[in-house]
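Just below is one structure, and these are the notes that go with it.
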Number of protein chains: 2
Amino acid sequence: MSLKMRKNQSVAPPEPCMLSECMAVISGAWAPNVIWSLRAGPRRFSELRADIPPISAKVLSTRLSELEQKAVLTRHVRRTSPPSTEYRLTPLGAELLPALDAIVQVGHRLKAKRSG
Amino acid sequence: MSLKMRKNQSVAPPEPCMLSECMAVISGAWAPNVIWSLRAGPRRFSELRADIPPISAKVLSTRLSELEQKAVLTRHVRRTSPPSTEYRLTPLGAELLPALDAIVQVGHRLKAKRSG
DNA sequence: CGGTATCCTATGTGATACTG
DNA sequence: CAGTATCACATAGGATACCG
């Protein structure tokens, strides 16, 4: 067998753990969009649905619950005549924004490459 | 009905398109890990499998094909006695690294919060 | 070594209908 | 308005076996 190991054999192992740590939060359909929609301030359930056009109530609800449990956002119910619920990023959730921003930036570059 | 619209009604809509643009590339199980593993240089199939422990050959193969088709990486077969295949990030693929790096950084912060 | 083919299961996602 | 319940479906992912 060839013992001529390639020079990148000793490349430092990546940090899959840390990748997964964050990917677990921004994975799941629409999760990034939900977080992104909340970046500029609190939003209500129907506002989020409007922000993220083809999302079903069920999925949005599921996603919001998950993100709430992960302490990415908070849920605040207002007992008004037409009931309204306000979702807001926590400081922890806000920490995801730079990563999402980087993703958006790359999205632009990818699209530019494809077009140009 | 309450016409007192909330002040964030006019918050600029997010850029779900650009989010999806990049998320489409880094989504799929292990895709980010594959790209991350290639950041320091080319890797072979079995090296990638070793880098990303619980990945099955099929899924790795699938992911690599997808990423190749998206021009994120290139595949180079070496017709050596034990055949070897080298995967390497394209410049386009390299553009994803800042976003992945941001994700890793957030991963660290998330973990720190959880521990601290 | 570097895959592919087949099968199977879990999960995520969506439509619809209904409730407080 | 803000959800939940139920069902039904597509697909992603994994195990195993096999091939060049």
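Just so it is clear: chains get the letters A, B, ... in the order the sequence lines come, proteins before strands, and each one is counted from 1.
Atom CZ of A/Arg79 is separated from atom P of D/dC1 by 18 Å (rounded to the nearest Å). Atom CD in A/Glu86 sits roughly 14 Å away from atom C1' in D/dA2 (whole-Å rounding). We find that CZ of A/Arg43 is positioned 16 Å from C1' of D/dA2, with the value rounded to whole Å. In this structure, B/Phe45 atom CZ and D/dG20 atom P are separated by 17 Å, rounded to whole Å. Residue B/Trp30 contributes atom CH2, which lies 13 Å from atom C1' of D/dA12 at whole-angstrom precision.
In this structure, B/Val104 and A/Cys22 have side chains that are not in contact, with every pair of non-hydrogen atoms separated by 4.5 Å or more. Here the side chains of B/Leu73 and B/Leu92 are not in contact, with every heavy-atom distance at 4.5 Å or above. Residues B/Ser61 and B/Phe45 have side chains in contact (heavy-atom distance under 4.5 Å, counting atoms from C-beta outward). Taking 4.5 Å as the limit, every side-chain heavy atom of B/Trp36 sits out of range of all side-chain heavy atoms of B/Asp51. Between B/Ile103 and B/Ile26, some side-chain heavy-atom pair lies under the 4.5 Å cut-off.
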### Query
So A/Arg78 and A/Glu86, salt bridge (Lys or Arg N to Asp or Glu O under 4.0 Å) or not? Walk me through it.
CA-CA 8 Å; A/Arg78 299 166 167 244; A/Glu86 185 175 89; 3.1 Å; yes

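Counting only N and O atoms by type, the side chains of B/Tyr87 and B/Arg43 include no donor and acceptor under 3.5 Å apart.
Chain B approaches DNA chain C over the interval C/dC1 to C/dC7, counting the first and last nucleotide 5' to 3' with an atom under 4.0 Å from its heavy atoms.
Ion pair B/Glu95/A/Arg109 flagged as a salt bridge, since at least one NZ, NE, NH1 or NH2 atom sits closer than 4.0 Å to an Asp/Glu carboxylate oxygen.
At D/dC1, none of the side-chain N or O atoms of A/Tyr87 fall inside 4.0 Å of OP1 or OP2 (strictly under the cut-off). Residue A/Arg44 places no side-chain N or O under 4.0 Å from the OP1 or OP2 atom of D/dC1. Residue A/Thr85 places no side-chain N or O under 4.0 Å from the OP1 or OP2 atom of D/dC1. Listed pair A/Arg75 / D/dG3 meets the phosphate criterion, a side-chain N or O lying under 4.0 Å from OP1 or OP2.
The shortest non-hydrogen separation linking B/Leu67 to B/Ile35 is CD1-CG1, 4.1 Å. When all heavy atoms of B/Ser81 and B/Pro83 are compared, the pair lying nearest together is O-CD, 3.2 Å. Nearest heavy-atom pair, A/Val106 versus B/Ala99, reported as atom, atom and distance to 0.1 Å: CG2-CB, 3.9 Å.
One axis for each end of the helix from C/dC1-D/dG20 to C/dG20-D/dC1, each built from five base pairs, and the angle between them comes to 50° at 10° resolution.
Residues A/Pro54 and B/Ser46 each lie close to DNA chain C; by heavy-atom proximity, the contact nearer the 5' end of the strand is made by B/Ser46.
Looking at residues 55-70 of chain A, you'll see A/Lys58, A/Ser61 sit with a heavy atom under 4.0 Å from some atom of DNA chain D.
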